[in-house]
Every structure is written in structure tokens, then in C-alpha cells.
Amino acid sequence: MTKSLSGLMAGATSTTWHNWARTASATPHRSESPRDLPELQAVVREGADQHLRVRAVGAGHSFTPAAVTDGIHLHLDHLSGIEGVSRLPDGSAHVTVAAGTRLHQLNALLSAEGLAMRNLGDIDRQSVAGAISTGTHGTGARLGGISTQVVGVRLVTATGDVVEASADENPELFELGRLGLGTVGVLAAVTLHVVPAYRLEAREEPMRLLDVLDGLDDLADGNDHFEFYWFPFTDRALTKRNNRVADDVVEPLSAARAWVDDELLSNRLFSGVNRLASAVPRITPALNNLSARGLSARRYTAPSHEVFISPRRVVFREMEYAVPREHLRGVLEEIDGWLRSTSEPVPFPLEIRFAAADDLWLSTAHGRETAYVAVHQYARMPHGRYFDAVEKIFAQVDGRPHWGKMHRLGAERFAELYPRFADAQRTRAAADPTGVFANPYTDHVFGSRHTAG
Ligand SMILES: Cc1cc2nc3c(=O)[nH]c(=O)nc-3n(C[C@H](O)[C@H](O)[C@H](O)COP(=O)(O)OP(=O)(O)OC[C@H]3O[C@@H](n4cnc5c(N)ncnc54)[C@H](O)[C@@H]3O)c2cc1C
């Protein structure tokens, strides 16, 4: 029987797998769900012996074919949970977590330990391994993405051996282990630096886009986590400021208001708006104006992970680029100009986030203060013209694409965009000389293993 396996249903045998956005699918030779580390090692060894490619998949939430294989598809859902907690004098901790753990599971487990992730993205469906392998990030001008919170990894290498890597031990493998699309090995465990659990005050407020851009530095630097959504064809943005508050500041959102905002307006009504736009594309600007006018302010406090995470039920396609923060305004003006001149129907808002510069070899924020510009299109509407046009705009400011989202760049361009790219190519070639962990996507992105470095 041919069975379709979504990225969320690991463990079953399958012939066809597809990702969340249905932009990638795979018909692997077989799927495996190892129950423990020795089983994982055995599968990798078997794959290498039989000349089958081996590719791990997390929750299938990448928009690219990064997790696709025609060989052995590895689902690590049995490798889940916290393995050890090592408390540090300042109250923070190093927590070793099995690589298949989903972020929502991790958040609950950390919370039970009085701990939390320093920063998170918008959703919590991803696996820890998948999230770090593509450089998943949230927002915060003083903070980095999830990979910057990784202090150690345990990898099963192309020979089936287990290798521990950190800044002090196998540092080059560590670089690609904490952000490298699974090209140097299968992650079995990840050690994260986490912080004492904290509450956030969420303040959401509609603003004029021009006012946001005029006050950008104050907004980005003056809040722990600042981001905004901008509806194309409008001058309105929904701003979100999340800041730490004391544990005793408890001002929750009522369950009814949370449902209306997060479920009814953000998902059910938004789904209807998108369906309408796909049926009658020319009314998209009017729909966006209505959506933008419907934005309302709210303020509440909650444990950090509850504030960061929102349910996303309307399926979309996404491209996201990291641009030098100083170019954000120009980039948005150009996108606005293109949209207005073409009237391309785009009912989805753009999402703008921020990150501090870091030094991870393949981090999209490597060496520069970064603004992330994410463009989305409803899955039932064409995205090609829109994404092509904005990709050209991003290219003018040396934008770097999110490793898990749609883009058209290859190794040659990455070599110009990342100062340590040759080191990454060399490390990949040394760790996996025969391409056990390769697929067409990683070959395109990293280039040939034989000419690397
Ligand atoms: C609705 C939605 C919201 C999103 N929100 C955000 C956001 O807020 N911020 C952001 O930055 N991104 C976001 N993303 C992108 C998402 O975080 C990344 O694409 C992430 O990689 C998905 O994790 P996953 O577990 O689904 O990994 P997959 O997509 O399954 O895999 C990603 C990569 O990791 C590799 N991999 C998986 N497991 C292992 C392993 N054990 N060892 C080695 N390699 C492995 C795969 O081979 C693949 O190359 C979002 C995506 C969606 C669909």
C-alpha cells in the first residue's frame, strides 16, 4: 500500500513523504525509526555499506528539499527527551537533549526544570536537530538564533561512529553540527545553554509603517524582542514588543481573547481572506486594507515560550533573507514599490525580525547586525514572480537566505556571502568524503565535495 507520510507522522513505513508546505517530497528506498543510539549507528553503517544515501528528517517544516533522499530516510522521534541537566552558578544550565525532541516537548521539559530557551522562533513543531541545522531564529537585536545557544553536539558520522563536538573538542565538526543542514553527520543529541524560566510581557500594537521605520533603532534596541508584520499595499504594521517582567507580574490573556486573536482572526478568518484573494486576486489590496484596519492592540504576560509561539494553520510558501540591518528601510521601500507597480496579489503580511551579529560559520547573522525580511504567499496562489522580484532586491544588499526557506542561490554565491564558507566546504568534504549524507540540495548549496576548499 502506498502511504503518504507527512513530516509530522514519523515512525510509519512509507513510500512517499512530503514536507509541511508540500514544496518537497521524497520516495526513499526505505524509512527507518531507530530506537536508540546503537540502532542509529547500525542504520548509518548499513546505508554506507549498501551505497545508500542517509538523510535525517525532523518535522519536515523546511520549505526546501533539504531533508529529501532517495536512500534511507531517518526519523528520530524515538530519540526524544532530556538526557542531562548541568546547572551553572549563574542559574543558567547546560541541558543535553535527544536530537529528535520537538521544540514543544523541549519547552515543557525545560519548564518543569525551571528553565527556558533564551529565544525561540514563531512555532514549536520543529525538532531540535532540524531547527538548529537550518539556523532557525526568533527576534531580538541583542540575541542570536537557536544555533547560538548550542554548546555541544553528538554526531553519528559517515562511518557510523559517535563523535562529540564542541568549541573545545572537534571544533570544525561542531561548526557544521550546530548549523550545517545535516551534512557532517546525524545529530543524536544536542547540548543547549538555557536560562532560568522567565515571563514576558507581550505588547502588540498597530502602527503606521513609516513611524515604525522612523523609530526603528529605538524599537529594535529598546525591547528584548521586537518584530513587526506589514500588510502589502497598506501603510499599517502590527508591532510586537516582548520584554522580560518579574515572575509576579501575572496579567494573562483571557482564554476567550486568546482564542479570538490567535485562532479565529489569525487562522480561521485569515484562511477565509486568503481563499477570497485566491478566488478574486484583484481585490487583494482591499482585503489587506481591511485586515490591517482590523488589527488591534493587546497586552498580557505569560511564560516566555507561550508568548513566542503562535499556531500556524494556513499553509503558505516562504522566502526569508537576512539583510544588514542598515539596509532594511531601503529593502522594504523597494518591495513596496514593486508590489504597487505590479499589483501582484499578496494577501500575506511580511514579517520583520532582528538578530545580533554572531560568529557561527554559516549563520545568516554572521558578522553583521541583521534584519530578517520574510515574504510569504498563500499556498494556493502563485509565488514565483513575487519571490523572484524580492530575491533580486535582497541580492543588491548581499542578503543571505534562511537555510530552511525558499531561495535560488548556490555554492558560488554563498562563497561570496559567507567569509568562512570555504572552511565549511572543507569540513564537509573531510567528514563525508563519499557523500553518505548528501542529496541534490546539499550538493547544490555546498558544491561538489571533490573540488571543495
Ligand atoms: C509554519 C512555519 C513556521 C516557521 N517559523 C520559523 C521561525 O519563526 N523562525 C525560523 O528561523 N524558521 C522558521 N521556520 C523554518 C523552520 O524552523 C526550519 O525550516 C526548520 O529546519 C524546521 O525544522 P524541522 O524539524 O522540521 O526540520 P526538517 O525540515 O525536517 O529538516 C531540516 C534540515 O535538518 C536536517 N536534520 C533533521 N534532523 C537531523 C538530524 N537528527 N541530524 C542531522 N540533520 C538533521 C534535515 O536533513 C534538513 O537538512 C518555520 C517553518 C514553518 C513551516
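The figures here come from the full heavy-atom set of this structure, side chains too, leaving out hydrogens, waters and symmetry mates. Atoms within each ligand, like the ligands themselves, are counted from 1 in listed order.
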Quiz item: Which of the atoms of ligand 1 are close to R55, meaning less than 4.0 Å from one of its heavy atoms?
Solution: 47 (O), 49 (O)
Self-check item: Within-shell test, R125 vs ligand 1, heavy atom, strictly < 4.0 Å
Solution: no
Quiz item: With a 4.5 Å heavy-atom cut-off, do L40 and L74 have their side chains touching?
Solution: yes
Quiz item: Can we say R325 and D221 salt-bridge, meaning some charged N sits less than 4.0 Å from an Asp/Glu carboxylate O?
Solution: yes
Quiz prompt | Under-4.0 Å heavy-atom contact with ligand 1, by part of E351 that carries it | solution = neither
Quiz item: Under 4.0 Å from any heavy atom of A66, which atoms of ligand 1 are there?
Solution: 47 (O), 48 (C), 49 (O)
Practice problem: Report yes if H137 has an N/O atom closer than 3.5 Å to an N/O atom of ligand 1; otherwise report no. | Solution: yes
Practice problem: Identify, for atom 3 (C) of ligand 1, the protein heavy atom at the shortest distance, and state residue, atom and that distance. | Solution: I123 CD1, 3.4 Å
Quiz prompt | Electrostatic pair D388:R385 at N-O distance under 4.0 angstrom | solution = no
Quiz prompt | Electrostatic pair D122-R312, nearest N-O below 4.0 angstrom | solution = yes
Quiz item: Relative to the heavy atoms of F316, which atoms of ligand 1 are at a distance of less than 4.0 Å?
Solution: 1 (C)
Quiz prompt | Proximal candidate to atom 7 (C) of ligand 1 [heavy atom criterion; set E227, E320, R353, H73] | solution = R353
Quiz item: How about T191 and V153: do any of their side-chain heavy atoms sit closer than 4.5 Å?
Solution: no
Quiz item: Considering only the protein, which heavy-atom contact is closest to atom 47 (O) of ligand 1, and what is its distance?
Solution: A56 O, 2.6 Å
Quiz prompt | Matching residue for H376 among F316, Y229, F270, F63 - test: ring-ring contact (aromatic ring centres under 6.0 Å, His included) | solution = F316
Quiz item: Is the shortest distance from a Lys or Arg side-chain nitrogen in R241 or E227 to a carboxylate oxygen in the other one below 4.0 Å?
Solution: no
Quiz item: Does F63 have a heavy atom less than 4.0 Å from any atom of ligand 1?
Solution: yes
Quiz item: Can we say D423 and R428 salt-bridge, meaning some charged N sits less than 4.0 Å from an Asp/Glu carboxylate O?
Solution: no
Exercise. Among V128, V190, D124, find the residue that satisfies the side-chain contact (heavy atoms from CB on, under 4.5 Å) test when tested with L106.
Key: V128
Exercise. Looking only at distances, please establish whether an N/O atom of ligand 1 is found under 3.5 Å from an N/O atom of A129.
Key: no
Quiz prompt | Basic-acidic side-chain contact under 4.0 Å: E83, R154 | solution = yes
Self-check item: Minimum-distance protein heavy atom relative to atom 20 (C) of ligand 1
Solution: T134 OG1, 3.3 Å
Practice problem: Quick one: look at K405 and ligand 1, take heavy-atom pairs under 4.0 Å, and tell me if it's side chain, backbone, both or neither. | Solution: side chain
Self-check item: Atoms of ligand 1, numbered as shown, that sit under 4.0 Å from any heavy atom of G185
Solution: 43 (C)
Quiz item: Polar-atom distance check: V186 versus ligand 1, any N or O pair below 3.5 Å?
Solution: no
Exercise. Please work out whether any backbone atom (N, CA, C, O) or any side-chain heavy atom from C-beta onward of V57 is under 4.0 Å from ligand 1, and answer side chain, backbone, both or neither.
Key: both
Quiz prompt | Check: H402 ring centroid to Y321 ring centroid under 6.0 Å | solution = no
Quiz item: Which atoms of ligand 1 have any heavy atom of S127 under 4.0 Å away?
Solution: 25 (O)
Exercise. Check each of V184, L79, D122 against atom 8 (O) of ligand 1 and report the one with the nearest heavy atom.
Key: D122
Quiz item: At what distance is the nearest protein heavy atom to atom 12 (N) of ligand 1, and which residue and atom is it?
Solution: H402 NE2, 3.1 Å
Quiz prompt | Atoms of ligand 1 close to A131 [distance to a heavy atom under 4.0 angstrom, numbered from 1] | solution = 23 (O)
Practice problem: Examine W403 together with Y418 and report whether their ring centres are nearer than 6.0 Å. | Solution: yes
Quiz prompt | Whether A21 lies under 4.0 Å from ligand 1, heavy atom | solution = no
Quiz item: Tell me, which protein residue and heavy-atom name are nearest atom 42 (N) of ligand 1, and how many Å apart are they?
Solution: L187 N, 2.8 Å
Quiz item: Do P347 and M381 have side-chain heavy atoms sitting under 4.5 Å apart?
Solution: yes
Self-check item: Sequence-distant partners of R299, side chain to side chain contact (heavy atoms under 4.5 Å, CB included), two or more places apart
Solution: E201, R203
Quiz item: So does R142 have more than 12 non-hydrogen atoms from other groups sitting under 6.0 Å from CZ?
Solution: yes
Practice problem: Check E318 against ligand 1 and report side chain, backbone, both or neither, counting heavy atoms closer than 4.0 Å. | Solution: neither
Quiz prompt | atom 32 (C) of ligand 1: the protein heavy-atom neighbour that sits closest, reported with distance to 0.1 Å | solution = S62 OG, 3.3 Å
Self-check item: Atom indices of ligand 1, in the order listed, that fall short of 4.0 Å to a heavy atom of G121
Solution: 8 (O)
Quiz item: At what distance is the nearest protein heavy atom to atom 24 (P) of ligand 1, and which residue and atom is it?
Solution: A59 N, 3.4 Å
Quiz item: Looking at residues at least two apart in the chain, or sitting in another chain, which of them share a side chain to side chain contact (heavy atoms under 4.5 Å, CB included) with D359?
Solution: none
Quiz item: Is there a nitrogen or oxygen of R312 sitting under 3.5 Å from a nitrogen or oxygen of ligand 1?
Solution: no
Quiz item: Under 4.0 Å between a Lys/Arg side-chain N and an Asp/Glu carboxylate O for R413 and D398?
Solution: yes
Practice problem: For ligand 1, note which part of S133 has a heavy atom under 4.0 Å away: side chain, backbone, both or neither. | Solution: side chain
Quiz item: To which protein heavy atom is atom 26 (O) of ligand 1 closest, and what is the distance rounded to 0.1 Å?
Solution: H61 N, 2.7 Å
Practice problem: Enumerate the atoms of ligand 1 whose separation from the nearest heavy atom of L76 is less than 4.0 angstrom. | Solution: 41 (N)
Quiz item: To the nearest 0.5 Å, what is the distance between OG1 (T136) and CD1 (I146)?
Solution: 5.5 Å
Quiz item: Does W403 have a heavy atom less than 4.0 Å from any atom of ligand 1?
Solution: no
